[in-house]
Every structure is written in C-alpha cells, then in structure tokens.
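Reading through the structure tokens given below for one structure.
Just so it is clear, the model here is predicted, and its values are computed rather than measured.
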Amino acid sequence: MAELRGGLWLRVVWSMGLFLVVAYCQSTDPAEVTALRAIRESFIDPENSLSNWRRGDPCVSNWTGVLCFNTTLDDSYLHVRELQLLHLNLSGTLSPALGQLSYMEILDVMWNKITGSIPKEIGGLTKLKLLLLNGNELTGSLPEEIGYLPDLDRIQIDQNHISGEIPKSFANLNKTKHFHMNNNSLSGQIPPELSRLPSLVHMLLDNNNLSGYLPPQLSELPQLLILQLDNNHFEGTIPPSYGNMLQLLKLSLRNCTLQGPIPDLSRIRNLAYIDVSNNNLNGSIPNMNLFDGITTIDLSRNQLTGSIPPSFSGLPNLQRLSLFNNSLNGSLPSSIWQNRTFNSTEQLTLDLQNNNISGVSGSLILPPNVTVSLQGNPACLNASMAIFCQSPIALVNHLQSIPSNSTDNCPPQSCPAPNYEYAPGSPTPCFCAAPLLIGYRLKSPGFSDFPAYFYPFEVYLTSGLKINHYQLDLTYEWQKGPRLRMYLKIFPVYTGNDSNAFNRSEVLRIRKMFTQWEIPDSEIFGPYELLNFTLLDPYKDVIPTSPSSGGISKGAVAGIVVGAVVGAVLLSAFVSLYILRLHRKRYHAVSKRRHVSRASLKIEGVKSFSYEEMKRATNNFDAASEVGHGGYGKVYKGVFTDGTVVAIKRAQEGSLQGEKEFLTEIELLSRLHHRNLVSLLGFCDEEGEQMLVYEFMSNGTLRDNLSVTEKYKESLSFAMRIRIALGSAKGILYLHSEANPPIFHRDIKATNILLDSQLIAKVADFGLSRLAPVADMEGVVPGHVSTVVKGTPGYLDPEYFLTHKLTDKSDVYSLGVVFLELLTGMHPITHGKNIVREVNIAYRSGMIFSIIDAKMGSYPSECVEKFVTLALKCCREDTDERPSMAEIVRELENIWQMMPESESRTNDSINTESGKNMSSDESSSSATKNPYVSTDISGSDLVSGVVLTIAPR
Ligand SMILES: *[C@@H]1O[C@H](CO)[C@@H](O)[C@H](O)[C@H]1NC(C)=O
Ligand SMILES: *[C@@H]1O[C@H](CO)[C@@H](O)[C@H](O)[C@H]1NC(C)=O
Ligand SMILES: *[C@@H]1O[C@H](CO)[C@@H](O)[C@H](O)[C@H]1NC(C)=O
Ligand SMILES: *[C@@H]1O[C@H](CO)[C@@H](O)[C@H](O)[C@H]1NC(C)=O
Ligand SMILES: *[C@@H]1O[C@H](CO)[C@@H](O)[C@H](O)[C@H]1NC(C)=O
C-alpha cells in the first residue's frame with residue numbers, strides 16, 4: 001500500500017515535472033533565433049526599440065515586433081509568424097537572414113529609414129502574405145524570386161528608391177491583390193505578362209520612370225479596380241482596349257506623355273474617377289456616356305478640340321470637371337448643374353480656363369455650391385458673365401476644419417490624466433477617455449472632395465472595425481497624389497468612470513485590424529496606408545516595447561537573477577553617468593556652447609524637444625511645411641509621430657541669442673496662460689538652433705480670414721468679429737495686467753491674431769519682441785541705434801514713433817488698427833492710404849456705413865457705430881485720449897450685450913463669462929499659477945490644433 005502510494009506520488013511528481021519541462025522548453029526554432037539576431041545586427045536602431053532582442057527567447061519573452069504562432073507546430077518549436085517593425089526609426093539594411101523565417105506570413109518594416117536592397121532570400125518565404133517595405137530608402141532592383149511567392153496577397157514597396165524593371169516573374173503572383181510600387185525609380189515597360197494576374201485589384205505604379213507602350217493586355221485583368229500610372233513617360237496612346245475594363249473604378253494617367261485620342265470608355269459602368277490630364281491627347285472628347293457614380297473628370301492640359309459633350313450633364317455625384325488648358329469651343333451647357341440638387345456637403349467645380357468657349361447655354365443662374373471658371377475664354381470678355389469667371393477652388397492642402405460642438409460645453413480644464421480627452425461624439429456628455437491615435441492615409445480615393453463622403457467613410461471604417469460610430473473622430477488633409485491623410489482617434493466606450501480606456505485585448509484587436517489589413521476593402525475609398533499606430537500611456541505596455549516589458553514570465557526566476565546582476569551594473573553605470581552629468585552641467589554653466597543636454601533642463605509646463613524631433617515633425621523643415629514667417633524667423637507646421645499638430649517657430653540667424661537669455665524668456669513665456677493667448681508647448685535648443693513650439697491654430701491668421709475669397713470659408717459675421725475683438729483685447733489685457741513683469745506686445749497686428757478651430761481669437765508672438773528684433777519701421781534713421789523703433793508700418797503708434805517712449809497705449813493704438821480692419825476688411829495701408837485716416841474721414845463726413853466690409857452680411861447699426869467710435873478712440877494721436885485696455889474690454893462687452901439675441905448666440909460662449917472678472921477669463925490662470933504643469937504635451941488634449949473634427953451624428 002505504502003509502496004503503491006509512493007508509486008503514485010512518484011508518478012504525479014514525474015508527470016508534473018514533465019509538464020513543467022515541456023512548458024519550460026517551449027521555445028523558438030533555433031534557426032529563427034539565429035536569423036533574428038542577424039536581422040537585428042544589420043539594423044541600426046537609434047531609439048533602442050529592439051534592445052529586448054538581446055535576451056530570452058523571441059516568442060516566449062515577447063521580443064518587440066516579433067509575433068509567433070501561439071502553439072508549437074509539428075516540429076515542437078514555436079515559429080515567427082509576423083515581424084511588425086512599423087515606424088521605429090530603424091536604418092541599416094534588411095538581412096538576407098530574413099529568408100530563414102520560413103513560417104512568416106507578415107513582414108512589416110514600413111516607415112523606417114532602411115537602405116540597401118531587398119534581399120532575394122525573401123523569395124523563399126513561401127507562407128508570406130503581406131510584404132510591407134514601403135516608406136524606406138531601399139535601392140537596387142526587385143528580386144524576381146518574389147514573383148514565386150504562392151500566397152502573397154499584398155506587395156507594398158512604394159516610397160523607396162527601387163530601380164530596374166518590374167520582373168516578369170511577378171505574373172505568377174496569382175493570389176496578389178495589391179501592387180503598390182508607386183514613388184520609386186522603376187523603369188522599362190510594364191510587362192504585358194502582368195495581365196495574367198487573376199486577383200489584382202489595385203495597381204499603383206505612379207511616380208516612376210516607366211516607359212514604352214502601355215500594354216493593351218492589361219484590360220484582361222479581371223478584378224482590376226484602380227489603375228494609377230501618373231508621372232511616368234510612356235509612348236503612344238491610351239489603348240482602346242481599356243474601354244473593356246468594365247469593372248474599373250479609377251483610371252489615372254496624369255502626366256504620362258500620352259498622345260492620340262481619349263478612347264471610348266462608355267461601357268465602364270463603375271467608373272468614378274478619370275484623370276488623363278497633362279498629356280498630349282488630341283481630338284475631341286468622346287461622348288463618354290458616363291454613369292451616375294462618376295465624381296471626377298480631369299482632362300485638363302491636353303490639346304483637346306471640339307465642344308463639351310452632352311454626356312457631362314445630369315451626373316448626380318460629379319464633384320470636379322477640369323477641362324482647362326485645351327482648345328475646346330462652343331458653349332458650356334448649364335445642364336451640367338442645372339437639374340441637380342445639392343446638399344450642404346456637396347460642391348461642384350468646373351474649371352474650363354484657357355479654352356475658346358464663347359458662353360453658357362441654358363440658364364444663367366449659378367447655385368452657390370457650383371464654381372465655374374471660364375477665365376481665358378472669350379466668354380469672360382462679356383461683363384455679364386462675371387459669376388462664371390471665378391477662380392477655381394484650389395485643392396485645399398491644409399488641415400480641414402469643421403467645428404464640432406459636442407465638447408463645447410465641457411469644463412474648460414482638460415481631462416485629469418495625460419492622453420485623456422473629452423470623447424467628442426459620445427452619447428455620454430463630457431466623459432474623459434484615452435483614444436488610440438492612428439496615422440492613416442487613403443492612397444487613391446475615388447473622389448476629389450471629401451465632405452460629401454464623411455458619413456459613408458465613418459460608416460465604412462467603424463463597421464469594418466466593429467466599433468460604434470461615435471467612437472471615431474478624425475482630422476484630414478489632402479496631400480500630393482492626391483492622397484487623403486487622416487489622423488484618426490478611436491475612443492473607448494463609456495464605462496462609468498473617468499478613466500475610460502480600452503482593455504488590452506481590444507487594443508490588440510483594433511491594432512491587428514489595421515496592421516493585417518483586415519478592414520474589408522472599399523471600392524470608393526480605395527487602398528489605405530497605415531502610417532503609425534503609436535501607443536502612448538495608458539496603452540504603452542500593451543505591446544511589449546523595450547526597455548519595459550510587463551509580466552513575470554516562465555523564465556522569471558532566471559530573469560530575476562540575471563536582472564539583479566544587470567541592475568547592479570546599470571545602477572553603477574547610472575551613478576557614474578549622474579556624476580558625469582553633474583560635471584558637464586557645471587561645464588555648461590561656464591561655457592558658451594549651446595549644446596544642452598535635454599534632461600538637464602527643465603521648465604515647468606513646457607517640453608524640451610530634440611532637434612531630431614523638430615526635424616522629423618517638419619519633414620526636415622521642408623518648404624511645404626512652412627506656414628509663415630516673421631521677424632523672428634520661419635514658422636512651420638509640425639506633426640509629431642502621434643499625430644499631434646503644432647506650430648514651430650525657428651529662429652533665423654540674426655535672432656539667435658545667448659542660451660541663458662533664451663531659457664529665461666521661455667521661462668517667462670511658459671508662465672503665461674490665457675484662453676486668448678496662443679500656448680507655448682515647448683522649445684528646442686540644440687545643434688545651435690532655437691525653436692519655439694506652439695499650439696497649432698487651424699483657422700490661420702485674422703488677416704487671412706478677413707481677406708478670404710475662397711468659397712469654403714464663410715466670411716466672418718459681425719458677431720464673430722466682435723467676439724474676436726473682445727478675445728484679442730482680453731489676451732492683451734492679461735499681458736498688461738497679469739504678467740509679471742508686465743509685457744507690452746509691441747507688434748499687435750492682424751497677422752498676430754490667430755483663430756483656433758472654434759474661431760476663438762488668440763494673440764500670438766507676445767514676448768517675442770524681447771526675443772528678437774521685429775521688422776524695423778521703414779524710414780528709421782540709421783543712426784539711432786540705442787532706440788530702434790520696432791513695430792509694423794500701419795500699426796505703429798505715432799507717439800511712440802516720435803518720442804520712442806513705449807507705453808501700454810502703444811498696444812492700444814495697434815489694436816485699434818486691427819479693429820478698423822475688422823470693420824472694413826481693409827489693410828492698414830493700401831496704395832499709400834492709411835486706414836486710420838480713411839475711416840476718420842468717412843466718420844466725420846457721415847459716410848461710415850459706406851466703408852463697412854460688405855462680406856460680414858447684416859449687422860445692428862448701433863453696435864457698428866459704437867465699435868467704430870471705440871476703434872477710432874484707440875487710434876487717437878494723443879496717448880492720453882486713448883482708452884485703457886480694461887476700458888476697451890468693458891466697452892466691447894457692452895456692445896456684445898446690445899447685440900440681438902440671435903446674433904450673439906451663434907457660435908458663441910462668451911455670454912457666460914462677461915462681467916466683473918475682466919482681467920482674465922480663467923481665474924485659475926495667472927502668471928504665477930500654472931494650470932498645465934502636470935500635463936505632458938505629447939498628450940494631444942492640450943493642443944487645439946486638431947482640426948477637422950467630423951462631428952459624429
Ligand atoms: C508575452 O505575451 C503573452 C501574451 O501575449 C503574455 O501572456 C506573457 O506574459 C508575455 N511574456 C512576457 C515575458 O512578457
Ligand atoms: C491560437 O491561434 C489560433 C488562430 O491563430 C486561434 O484560433 C486559437 O484560439 C489560439 N489559441 C490560443 C490558446 O490563443
Ligand atoms: C496559380 O499558380 C499556380 C502555379 O503557378 C497554379 O497551380 C494555380 O492553378 C494558379 N491558380 C490560379 C487561380 O490561376
Ligand atoms: C511629370 O512627370 C515627370 C516625370 O515623368 C516629372 O518630372 C514632372 O515633374 C511631372 N510634372 C508634373 C507637373 O507633375
Ligand atoms: C432638366 O429639367 C428640365 C425641366 O425640369 C427638363 O426639361 C430638361 O430636359 C432637364 N435636362 C436634363 C439634362 O435632364
């Protein structure tokens with residue numbers, strides 16, 4: 001009995017031991033471990049993203065980006081299924097050892113800086129489904145071995161420098177749906193053999209050096225929806241066979257040196273988008289017999305002749321018809337727009353500039369949603385045709401803004417924890433939640449104007465992700481391509497407390513939907529790109545990233561021992577570093593070098609950014625990111641990797657100053673917080689550069705809004721103008737009365753008053769007059785070095801100019817000029833005429849209403865009169881006759897109260913805050929108290945730069 005019991009025990013212990021051994025020994029295929037080490041060796045990893053690849057087992061200890069099958073396969077090893085190294089700033093090369101990961105299904109190294117060529121060994125990965133190499137600096141040619149991958153679904157090598165021909169072997173990729181090879185240097189002819197690809201849906205080969213004839217055989221591709229070949233140099237014509245691609249949705253052959261006629265496309269029922277612009281096409285436009293789905297027709301910049309065909313009429317979804325720079329004649333039939341009903345989101349732009357069109361046939365009434373541009377045609381010689389001779393709406397290239405009101409009534413403080421913000425669309429009002437931030441881009445959309453597709457897009461994406469409609473919030477901008485860049489925010493649902501966040505499995509699920517392209521394809525939205533999926537707090541530990549990796553593993557005991565040793569080593573390293581740092585700090589204090597160690601410098605509430613971060617946010621200070629310039633230097637729009645949008649002011653040569661002075665100024669600026677001042681978020685003081693990082697103001701400068709001519713932007717109503725005047729005055733009053741020491745702005749002008757997404761006025765560039773010389777007043781005698789008069793012509797206080805004595809009343813004068821601009825829309829100086837003088841003359845001769853800006857629509861005349869009186873009072877020559885800033889605020893509040901109910905309610909919130917506390921809106925914010933200190937600015941809740949918020953319905 002005892003023996004038996006002993007035997008049983010032995011058996012139990014034995015089998016438990018076996019179990020433990022089996023469990024413990026579950027490990028990655030050694031060949032793959034070796035391969036991963038080699039892969040890591042050939043990368044350069046400046047952010048140490050792969051530092052945990054040095055220890056443990058790849059699959060068991062969750063190496064960054066290494067995803068494995070969850071059980072051992074028949075050979076009793078774990079195998080790597082995915083390598084997900086998206087957006088980690090990796091450079092170096094792709095190791096041929098990748099070919100050893102023979103079970104791999106997804107290889108994703110998108111948006112790094114990897115150089116070298118694509119190793120042909122990738123052709124040995126027979127299970128590979130997604131090959132995602134786009135957005136790197138790869139060179140060399142495409143290995144033909146890749147053409148034999150039997151399961152490959154998607155090949156994305158776009159945005160590299162890959163050259164050579166497209167291998168004919170790619171014709172064997174009979175499961176491949178997506179060829180994304182645009183923006184490389186591929187050359188030679190498109191192999192006609194590719195017409196055998198049975199599954200191909202999207203062929204994007206634009207922006208390469210492809211040449212030769214367009215293969216007529218491509219029309220045999222049975223599934224092809226998008227053929228995009230722009231910016232190549234082909235020979236010959238558009239093959240007539242392309243009219244047989246009955247399923248085709250988008251044909252884009254812009255700037256391809258093509259000749260001959262436009263083929264008959266009248267049988268393509270699905271066609272939504274055709275762009276054959278900027279070629280040498282000739283002949284007349286065929287009767288295209290277009291179908292209802294068409295949104296965009298671009299035949300511009302060719303040599304087309306004849307008249308505009310009747311088939312362009314009655315198209316219910318048409319957004320853009322571009323026929324400019326051709327030789328078309330006849331008249332423009334109004335039936336193109338006449339019988340169509342437009343809803344508020346729909347626009348139709350007809351650009352027919354520079355043709356020989358003689359007039360408009362049919363009705364001469366133009367609905368507000370339609371823009372017709374006939375300049376450069378005989379038709380515009382007739383003055384009665386002026387409404388048809390407008391300038392076309394430029395493809396809007398900046399972030400788009402539609403104010404969303406759903407969080408307007410939430411408390412002004414931001415949510416308590418970093419990266420939490422008010423969920424805009426939630427049925428529960430004002431609840432704080434941590435969204436997932438996703439960089440996303442539609443690579444080849446089937447439309448050219450997004451508003452009409454907001455709602456379908458939201459439905460498409462949220463149903464694809466299996467989330468509620470209200471959980472999605474987005475901002476977008478058009479980019480070259482045209483591609484539609486989006487910043488997505490996905491909010492968790494309300495769970496009843498103030499720390500609403502997704503749980504781990506939901507984060508992983510949503511991430512997987514994006515990274516594995518599990519969101520079903522949509523025809524009209526086309527293929528999407530994933531640009532980043534950055535996990536900030538509270539999601540930081542969801543995906544193991546070094547150096548922190550969560551959880552106690554099976555190898556924990558060993559790990560702890562090793563850890564202790566490593567810890568001791570690290571600790572001593574730390575101590576030495578710290579001592580070194582102390583030394584260095586001392587060195588810094590006496591040296592004039594401006595290399596500041598970022599960690600050594602801390603100013604509450606603002607963040608110190610590295611030069612590298614600035615460079616990356618602005619695409620290496622690309623001219624395309626430039627949004628303005630001033631006395632201090634250039635201003636760039638910056639976008640951080642998490643999607644946060646900021647304005648970056650970069651000091652130019654002459655504006656640089658001593659490091660100590662710079663930091664002192666920043667410290668001063670960092671303490672200023674007011675609803676009507678643009679917030680300073682951070683700075684950069686590295687590599688001999690000085691930059692200031694501000695919240696991004698999506699609606700631009702007040703000057704731009706007053707000069708606005710584009711149809712998209714509505715002109716500011718009188719109520720809005722009063723609100724802007726009042727906001728500006730409050731911001732300046734705060735600088736005069738609450739800042740310590742008081743700050744005189746010295747350069748108030750309509751370009752220094754910015755409007756955020758809600759059109760709230762915020763004063764910019766305060767304090768900068770201390771940081772940098774502002775453009776000198778013309779005509780200043782060069783001898784007066786000690787007292788150079790600063791300011792901008794037209795806004796400059798004449799008293800200050802004469803006496804060089806600066807007072808708060810100098811700002812009052814400049815603000816008065818801004819008020820006159822608000823009233824008249826005029827510039828301070830036009831054709832040598834000064835606005836103050838002009839308005840004074842009109843005022844005295846009782847003609848004041850003749851110079852009021854007609855664009856503001858109707859207004860209560862007694863309010864306008866009071867506002868003119870106030871503005872002119874501000875601009876009195878004698879400083880003592882000008883009102884103080886506090887008086888200005890009071891008077892504007894009076895005017896506001898006088899406004900009829902309906903006017904003042906529109907779009908507004910200031911009713912609630914008028915009253916005694918004029919000096920600052922937020923009683924909590926003063927120069928000494930800092931409401932933002934605890935907030936890390938990488939959390940986007942601080943930044944009101946997020947712009948197009950689609951208000952979920
Ligand atoms: C690795 O990830 C799994 C879940 O995917 C988790 O259960 C385990 O604890 C992690 N191991 C380590 C060492 O982090
Ligand atoms: C392992 O993965 C498969 C599919 O990949 C899944 O069906 C299964 O539930 C997973 N098992 C575990 C234990 O996670
Ligand atoms: C795909 O190619 C393989 C081998 O080249 C062939 O056996 C198979 O039939 C093809 N499938 C289709 C659908 O053409
Ligand atoms: C047209 O394409 C060529 C390359 O084929 C390119 O260099 C040029 O910039 C393109 N022109 C336009 C207007 O895009
Ligand atoms: C537009 O409507 C009018 C009457 O409503 C009709 O006579 C005309 O044929 C229509 N034109 C087109 C192109 O549908």
Side-chain angles (χ1 to χ4, degrees), residues 178 201-202 204 225-226 228 249-250 252 270-273 292-296 316-320 342-349 369 395-406 423-426 435-479 481-491 510-511 513-515 517-533 643 645 698 712 757 946-953:
H178 302 275
V201 176
H202 297 149
L204 310 183
L225 292 179
I226 298 178
Q228 183 164 305
L249 183 102
K250 177 166 181 173
S252 201
N270 213 10
L271 199 63
Y273 194 115
D292 285 358
I294 194 96
T295 66
T296 306
N317 292 300
L318 191 64
Q319 299 180 325
R320 188 159 62 88
F342 290 92
N343 68 30
S344 62
T345 61
E346 289 175 322
Q347 293 282 335
L348 171 60
T349 306
N369 306 40
L395 187 65
V396 207
N397 258 333
H398 43 80
L399 278 167
Q400 290 283 301
S401 158
I402 288 194
S404 124
N405 302 323
S406 48
S426 162
L436 296 172
L437 307 176
I438 300 156
Y440 181 94
R441 183 158 61 194
L442 297 181
K443 250 177 182 171
S444 183
F447 50 82
S448 41
D449 187 36
F450 191 37
Y453 288 90
F454 285 162
Y455 187 69
F457 179 78
E458 289 177 324
V459 171
Y460 154 70
L461 193 61
T462 53
S463 62
L465 290 170
K466 303 188 179 72
I467 58 175
N468 295 304
H469 191 201
Y470 68 78
Q471 290 179 259
L472 174 67
D473 187 43
L474 72 83
T475 306
Y476 74 89
E477 72 187 318
W478 284 99
Q479 294 182 336
R483 295 176 292 180
L484 192 55
R485 170 76 158 98
M486 299 192 197
Y487 303 89
L488 307 181
K489 285 184 184 176
I490 297 180
F491 286 86
I510 292 175
R511 190 178 156 100
M513 300 290 296
F514 282 100
T515 57
W517 271 265
E518 286 179 2
I519 305 166
D521 274 333
S522 131
E523 296 204 346
I524 193 76
F525 299 116
Y528 75 83
E529 295 177 88
L530 179 64
L531 300 178
N532 62 60
F533 198 125
V645 184
S698 57
Y712 269 119
S757 59
V946 185
V947 203
L948 184 134
T949 311
I950 293 184
R953 278 144 287 244

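Remark: N317 pairs with no residue by the side chain to side chain contact (heavy atoms under 4.5 Å, CB included) rule, at least two apart or across chains. Taking the side chain to side chain contact (heavy atoms under 4.5 Å, CB included) definition, one finds that R441 meets it with W111, Q159, Q479, R483, R485, E529, L531, sequence neighbours left out. Residues passing the side-chain hydrogen bond (donor to acceptor under 3.5 Å, both in side chains) test with K250 are S444, sequence neighbours excluded. For the side-chain hydrogen bond (donor to acceptor under 3.5 Å, both in side chains) test, residues two or more places apart in sequence or in another chain that qualify with N468 are Q471. Scanning for side-chain hydrogen bond (donor to acceptor under 3.5 Å, both in side chains) contacts around S463 gives an empty result, with sequence neighbours left out. Judged as a ring pair (Phe, Tyr, Trp, His ring centres under 6.0 Å), and not counting sequence neighbours, the contacts of F447 are F450, Y453, F525.
From W478, atom CH2 reaches atom CG of D449 across 7.5 Å, with rounding to the nearest 0.5 Å. A distance of 14.5 Å separates NZ of K443 from CG of L484, quoted to the nearest 0.5 Å. Between the CD1 atom in I524 and the CZ atom in F457 there is a gap of 12.5 Å [rounded to 0.5 Å]. Taking CD1 of I490 as the start and CG of L465 as the end, the distance is 5.0 Å to the nearest 0.5 Å. Rounded to the nearest 0.5 Å, atoms OG1 (T295) and CG (L318) are 7.5 Å apart. To the nearest 0.5 Å, atom CD1 of residue I226 and atom NE2 of residue H178 are 9.5 Å apart.
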For side-chain contact (heavy atoms from CB on, under 4.5 Å), just list the numbers for I519 and Y460, CA-CA rounded to whole Å, side-chain angles, deciding distance to a tenth of an Å, and then say yes or no. CA-CA 9 Å; I519 305 166; Y460 154 70; 3.8 Å; yes

How far apart are the C-alpha atoms of N270 and E523, what are their side-chain angles, what is the distance that settles it, and do they pass the side-chain contact (heavy atoms from CB on, under 4.5 Å) test? CA-CA 10 Å; N270 213 10; E523 296 204 346; 3.6 Å; yes

Evaluate side-chain contact (heavy atoms from CB on, under 4.5 Å) for L348 paired with F342, printing each intermediate quantity in order. CA-CA 9 Å; L348 171 60; F342 290 92; 3.9 Å; yes

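Proximity of F491 to P424: side-chain heavy atoms (C-beta onward) are separated by under 4.5 Å at one or more points. Looking only at side-chain heavy atoms (C-beta outward), L472 and K489 stay at 4.5 Å or farther from each other. In this structure, L461 and Y528 have side chains that are not in contact, with every pair of non-hydrogen atoms separated by 4.5 Å or more. Y273 places none of its side-chain heavy atoms less than 4.5 Å from the side chain of Q319. Between F514 and L436 there is no side-chain heavy-atom pair separated by less than 4.5 Å.
The minimum heavy-atom distance linking M513 with G464 is given by the pair CE-O, 2.9 Å. Shortest non-hydrogen contact noted between G446 and A272 is O-CB, 3.9 Å.
Evaluated for a side-chain contact (heavy atoms from CB on, under 4.5 Å) with P527, the options L204, D521, L225 yield exactly one hit, L204.
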